[in-house]
> 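Take this structure first; my questions come after.
Excluded from the calculations below are hydrogen atoms, water molecules and symmetry mates; all remaining heavy atoms, backbone and side chain alike, are included. Predicted model only: the values in this text are computed from it and were never measured.
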Amino acid sequence: MATVLITGGAGFIGSHTADALLEEGHRVRILDCLDPQIHGDNVSFPSYLDSRVEHFMGDVRSFDDVKRALQGVDVIYHFAALTGVGQSMYDMRSYVETNCTGTATVIEAVLKSRISIDKFVLASSRAVYGEGTHWCPNDRDVYPGIRRRKDLEEGKFQVYCPVCAAELRAVSTREERPLLPISVYGWTKKFQEEMCHFAAQTFGLPVTILRYFNVYGSRQSLRNPYTGVMSIFYNRILAGQPISLYEHGTPGRDFVHVSDVVNANLKVLDADVIPGTCINVGTGNAVTIREIAAVLSACCNRQVDFLDLGEFRIGDISSCYADISKACSILGYTPSVDLKEGIGEFVEWASGQSSIDLYQRTVDELEKSGLFGRASRI
């Protein structure tokens with residue numbers, strides 16, 4: 001059995017992965033700085049962590065902290081990162097320091113410690129793609145860039161072909177397509193991937209890159225208003241506040257339950273993967289933000305008002321969902337949790353947690369930075 005280090009292991013995906021690894025008989029160690037934005041002001045490790053997990057309080061930007069946590073490790077899951085798309089657009093330095101410098105520090109510490117690593121798994125994101133792959137009626141795949149603010153302000157939320165101006169249709173996104181991130185967060189994840197590719201090619205580091213789509217489920221932070229519409233919408237519902245549906249609620253996302261993500265994480269351990277391989281982890285299906293809000297309100301058994309004011313955020317995409325054929329063929333991965341079941345699991349867990357609605361604060365910060373808008377025509 002392996003000794004496994006999970007950076008950011010006290011968080012959402014990391015803690016679930018730790019539980020699954022322990023069930024498989026592995027030894028698990030976590031390195032986490034317990035970011036107050038995620039964990040609150042209480043600086044103790046969360047109670048949901050299994051007592052068998054070895055805790056290291058530390059920062060992935062600190063070479064000494066990382067080196068200390070690496071001793072005797074066989075496998076690394078590098079999950080530590082800041083993950084808010086909107087926040088990254090005005091808090092650039094923090095995102096670059098944590099995501100980029102943190103990843104460089106972890107890789108450098110592995111190389112300088114001269115330890116033999118069997119697997120290095122990087123948690124990347126669908127944000128590296130920017131807009132998902134789209135299909136033009138003139139029979140070609142299109143990889144759109146960022147949508148024009150002028151179009152958004154006119155209520156044109158669709159994606160258009162840059163060649164013929166035809167309206168495009170979202171199709172599944174494959175790993176081999178160009179990476180065109182449109183947020184600072186997306187750029188930092190692309191940098192993480194490039195650092196890992198460099199380490200794989202130059203030093204033979206056995207890196208597998210998992211590109212998570214929209215992960216949700218229990219232990220998702222209810223204190224962090226910058227990551228995940230699931231927790232944002234849930235907090236609004238509990239506070240008796242209306243839910244604002246950006247872009248008429250039409251944006252499409254691939255929501256994948258955390259248990260399916262953990263399944264993929266564990267399958268990497270036994271898979272024969274070429275170092276540097278990138279693999280999508282999602283469901284292969286798109287659902288709209290409006291559908292998410294409706295299912296969530298039904299699971300909460302609450303009557304909710306939906307506001308459709310033509311609002312939008314700069315840095316948001318229209319649609320992106322995964323092609324998971326590579327995950328199926330290389331990892332033997334098959335998602336098993338449907339949306340209603342997964343949201344039910346999230347709501348059951350969240351109902352026992354304290355909830356705080358910080359939505360308006362995020363809107364104020366986005367608006368102050370010129371990243372929030374309302375269409376003139378709804």
> Does the pair E54/R27 count as a salt bridge with the N-to-O cut at 4.0 Å?
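Salt bridge: no.
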> Does K119 use its side chain to pair, donor to acceptor, with the backbone of A271 at less than 3.5 Å?
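Here the side-chain-to-backbone pair exists.
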> Verify, without hydrogens or angle tests, whether N224 (side chain) and I38 (backbone) share a donor-acceptor contact under 3.5 angstrom.
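No.
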> Under 4.5 Å between any side-chain heavy atoms of I117 and D74, yes or no?
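In short, these two side chains do not touch, never coming nearer than 4.5 Å.
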> Does this structure show an ion pair linking D64 with K67, if we count only N-O contacts that are shorter than 4.0 Å?
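Salt bridge between D64 and K67, a charged N being under 4.0 Å from a carboxylate O: no.
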> Report yes or no: do T103 and H78 form a side-chain donor-acceptor pair below 3.5 Å?
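Looking only at side-chain atoms, H78 and T103 do form a donor-acceptor pair, the distance falling under 3.5 Å.
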> Check the side chains of S15 and R219 for a donor-acceptor pair under 3.5 angstrom, ignoring hydrogens and angles.
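Yes, a side-chain donor-acceptor pair sits under 3.5 Å.
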> Whether the D141 and T133 side chains hold a donor-acceptor pair (N or O, under 3.5 Å, no angle test) is what I'd like checked.
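Side chains of D141 and T133: no pair found under 3.5 Å.
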> Using a strict cut-off of less than 4.0 Å between a Lys/Arg side-chain nitrogen and an Asp/Glu carboxylate oxygen, indicate whether E154 and K150 qualify as a salt bridge.
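Yes, charged N to carboxylate O under 4.0 Å.
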> For the pair T101 (side chain) and T98 (backbone), establish whether a donor and an acceptor sit closer than 3.5 Å, ignoring hydrogens and angles.
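Answer holds: no.
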> Does a side chain donor of either Y129 or E131 reach within less than 3.5 Å of an acceptor in the other side chain?
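No.
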> Less than 4.0 Å between a side-chain N and a carboxylate O, is that true for E291 and R253?
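So R253 does not pair with E291 through a salt bridge.
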> Checking side-chain polar atoms at under 3.5 Å, does Y226 have a donor or acceptor matched by the opposite partner on E365?
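The answer is yes; a qualifying pair exists.
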> Identify whether the distance between the nearest side-chain nitrogen and carboxylate oxygen of R211 and E175 falls below 4.0 Å.
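Not counted as a salt bridge, because no side-chain N and carboxylate O are separated by less than 4.0 Å.
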> Taking the basic N atoms (NZ, or NE/NH1/NH2) and the acidic carboxylate oxygens, is any pair closer than 4.0 Å for R147 and E247?
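Here R147 pairs with E247 in a salt bridge, since their nearest N and O are under 4.0 Å apart.
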> Under 3.5 Å, is there a donor-acceptor pair linking the side chains of S336 and D260?
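Side chains of S336 and D260: pair found under 3.5 Å.
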> In this structure, which one of V273, I274, L122, L269 forms a side chain to side chain contact (heavy atoms under 4.5 Å, CB included) with T208?
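By the side chain to side chain contact (heavy atoms under 4.5 Å, CB included) criterion, T208 pairs with just one of V273, I274, L122, L269: V273.
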> Where do A123 and F79 come nearest, in terms of heavy atoms and distance?
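Looks like CB-CD2, 3.3 Å.
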> We want to know whether D91 and S94 form a side-chain donor-acceptor pair, criterion being a heavy-atom distance below 3.5 angstrom.
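Yes, a side-chain donor-acceptor pair sits under 3.5 Å.
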> For the residue pair D323 / T173, report whether a side-chain donor-acceptor contact shorter than 3.5 Å exists.
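Side chains of T173 and D323: no pair found under 3.5 Å.
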> Side chain to side chain contact (heavy atoms under 4.5 Å, CB included) with R126: which of F213, Y212, Y321?
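Option passing the side chain to side chain contact (heavy atoms under 4.5 Å, CB included) with R126: F213.
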> With no hydrogens and no angle check, just 3.5 Å: does a side-chain donor-acceptor pair link S259 and H257?
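Yes, side-chain donor-acceptor contact under 3.5 Å.
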> So, are K340 and D338 salt-bridged, with charged N and O less than 4.0 Å apart?
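Between D338 and K340 there is no salt bridge, as every charged N stays at least 4.0 Å from the carboxylate O atoms.
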> Before accepting this row, confirm whether a basic side-chain N of the pair D364/R361 lies closer than 4.0 Å to the acidic partner's carboxylate O.
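No, D364 and R361 are not salt-bridged.
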> Within the side chain of H134, is there an N or O that forms a donor-acceptor pair under 3.5 Å with the backbone of G132?
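Checked: pair present.
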